[in-house]
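As structure tokens, the structure follows; a few thoughts come after it.
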Amino acid sequence: MKKFQDIIGREQIIEHLQNAIRFNRVSHAYIFYGEEGIGKNFIADIFAAALQCEVYSGEPCGECKSCLQAAGGNHPDIIRVRHEKATIGVDDIRNQLNNDIAVKPYSSRYKVYIIDEAEKMTEAAQNALLKTIEEPPEYAVILLLTDNANAFLPTILSRCVMIHMKSVDKDLVKEHLMKECGIPDYQAELAATFAAGNVGKAERYAASEEFSARKDEVLHIVRHIDEMKVSEIIDLLKHLAEDKAAINDYLDLLLLWYRDVLMFKATRSALRITYKEEILTLQRQAAGKSFEALDHIIEAFAELRARLKANVNFDAAVELLLLALKEK
């Protein structure tokens, strides 16, 4: 069973939630916010199980009937609010939460309601929820999970305890991937760096054959880019851009490469390099480019990403990047 001890790098949040349970200071409403994959559902599930655990020590014991039900996803007093449409409507909140919350817990101390993607609640749904948050039964705990807390009404925000799920230190993520997931050092380093402290993303990247294939394509490009003609680079980038869902991955992998080149040029050390297995190529490119040229390349990636987001023609958007890549 998942426990607080399984959470990586969130000591302050864990301490806050456990103390709330131990000292009977549990709030009626929490907002767990942070980017997708950051671990909101993971920590909400553990908190809900700990709230219902019959031992009530601040940690799910994993052995009592309540913990076994929570681990199996069939605890009668841990309710996930579902929605079938693109938004969470007022009927979803009324039918699954407001109408249900008046009924006392079936077997536990609390009734815990978890609303994932809570930013999708319409204004009417939020207002319906607000009435419950303002005057909740003493046994009610509502957990709102979101990647955009700004989507909530100020009246909702003011009545909830805000739990910010920030990025986790890259070294902790790398250690987790190697120790718990059996990922090799180099692959774990790349996935941890690329995920920027997002454990869920790092696990997906490390285990993804598609991500590994994208990395290999990027390495093929950067190894030979100095000998390539501009037309060849354009063709390769067009090929990468055909996969619209993956273009940002390709750009991030390329950007990581040039940050490595810049880092090696500045430090002459491989300690903070992501692509450690490519140190000879990195060394050659660092020697062949000025600091100004590398700064321009990194700026060009940011500009290209902004232009693509604005739906600018790809050929036009990539021209600036190509000029920067060929700069010495």
Side-chain angles (χ1 to χ4, degrees), residues 167 170-171 173-174 177 183-198 201-202 204-206 208-243 245-308 314 317-328:
S167 299
K170 185 193 79 172
D171 291 337
V173 178
K174 177 184 174 182
L177 293 176
I183 304 299
D185 181 277
Y186 170 66
Q187 190 176 344
E189 172 84 16
L190 182 62
T193 301
F194 191 73
N198 186 315
K201 285 184 179 179
R204 289 198 299 273
Y205 292 144
S208 169
E209 292 183 4
E210 288 184 351
F211 179 71
S212 181
R214 288 167 194 162
K215 178 203 71 177
D216 291 341
E217 286 186 85
V218 165
L219 287 177
H220 173 75
I221 292 173
V222 296
R223 285 177 191 141
H224 304 288
I225 197 165
D226 291 336
E227 299 84 46
M228 288 181 184
K229 297 177 182 178
V230 170
S231 59
E232 292 177 302
I233 300 174
I234 290 176
D235 288 342
L236 274 171
L237 291 175
K238 280 184 177 178
H239 167 66
L240 300 186
E242 288 174 1
D243 188 349
I247 186 61
N248 284 322
D249 282 358
Y250 285 120
L251 292 178
D252 283 341
L253 286 164
L254 282 165
L255 179 58
L256 273 177
W257 174 267
Y258 284 102
R259 284 178 174 165
D260 272 4
V261 176
L262 179 60
M263 180 63 69
F264 186 82
K265 186 174 184 68
T267 65
R268 299 294 176 185
S269 169
L271 289 177
R272 298 175 65 184
I273 300 301
T274 301
Y275 292 98
K276 287 184 172 65
E277 293 188 354
E278 301 295 325
I279 190 64
L280 294 179
T281 305
L282 287 166
Q283 186 176 14
R284 173 172 56 81
Q285 292 192 10
K289 289 191 179 295
S290 66
F291 284 109
E292 291 77 10
L294 290 168
D295 283 338
H296 289 164
I297 289 173
I298 290 170
E299 290 172 4
F301 275 106
E303 181 67 21
L304 174 58
R305 199 187 302 278
R307 291 187 174 196
L308 291 177
F314 182 81
V318 83
E319 183 177 347
L320 181 66
L321 177 63
L322 289 175
L323 292 173
L325 290 177
K326 284 298 187 180
E327 192 176 339
K328 297 295 185 181

**Q.** Pair Lys174-Asp185, salt bridge (Lys or Arg N to Asp or Glu O under 4.0 Å): steps then yes or no
**A.** CA-CA 8 Å; Lys174 177 184 174 182; Asp185 181 277; 3.2 Å; yes
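A donor-acceptor distance shorter than 3.5 angstrom exists from the side chain of Ser167 to the backbone of Ala196, with no hydrogens or angles considered. Panel note: side chain Lys265, backbone Lys289; a donor-acceptor pair is recorded below 3.5 Å.
Leu262 places a side-chain heavy atom less than 4.5 Å from the side chain of Asp295. Annotation: side chain of Glu232 is in contact with side chain of Lys229 (closest heavy-atom distance under 4.5 Å). Annotation: side chain of Tyr275 is not in contact with side chain of Val222 (no heavy-atom distance under 4.5 Å). Put simply, the side chain of Lys170 reaches to within 4.5 Å of the side chain of Glu189, judged on heavy atoms. Using a 4.5 Å heavy-atom cutoff, the side chains of Leu190 and Lys215 are in contact. Val261 places a side-chain heavy atom less than 4.5 Å from the side chain of Trp257.
Closest of all the heavy-atom pairs between Val173 and Ala192 is CG1-CB, 3.9 Å. Considering all non-hydrogen atoms of both residues, Ala188 and Leu177 come closest at O-CD1, 3.7 Å. For Val218 against Tyr250, the heavy-atom pair with the smallest separation is CG2-CD2, 3.8 Å. Summarising the geometry of Phe264 relative to Ala286, their closest heavy-atom pair is CD2-CB, 3.9 Å, with the distance given to 0.1 Å. Here the closest heavy-atom approach between residue Lys276 and residue Ile273 is recorded as NZ-O, 2.7 Å. What you find for Ala195 and Ala202 is that their closest heavy atoms are CB-N, 3.5 Å.
The environment of Glu227 atom CD is dense: over 12 non-hydrogen atoms of other residues, nucleotides or ligands sit within 6.0 angstrom. Sparse packing is recorded around CZ of Arg272, with 12 or fewer heavy atoms of other residues, nucleotides or ligands lying under 6.0 Å away.
Considering CG of Leu253 and CZ of Arg214, their distance stands at 9.0 Å, rounded to 0.5 Å. From Leu219, atom CG reaches atom CD of Glu217 across 10.5 Å, with rounding to the nearest 0.5 Å. Atom-to-atom distance recorded for Asp260:CG and Thr193:OG1 is 8.0 Å, nearest 0.5 angstrom. To the nearest 0.5 Å, atoms CD (Glu278) and CG (Leu280) are separated by 8.5 Å. Note that the CG atom of Asp226 and the CD atom of Gln285 stand 5.0 Å from one another [nearest 0.5 Å]. We find the NE2-CD1 distance between His220 and Ile225 to be 10.5 Å, quoted to the nearest 0.5 Å.
Ring geometry for Phe194 versus Phe211: interplanar angle of 30 to 60°, hence tilted.
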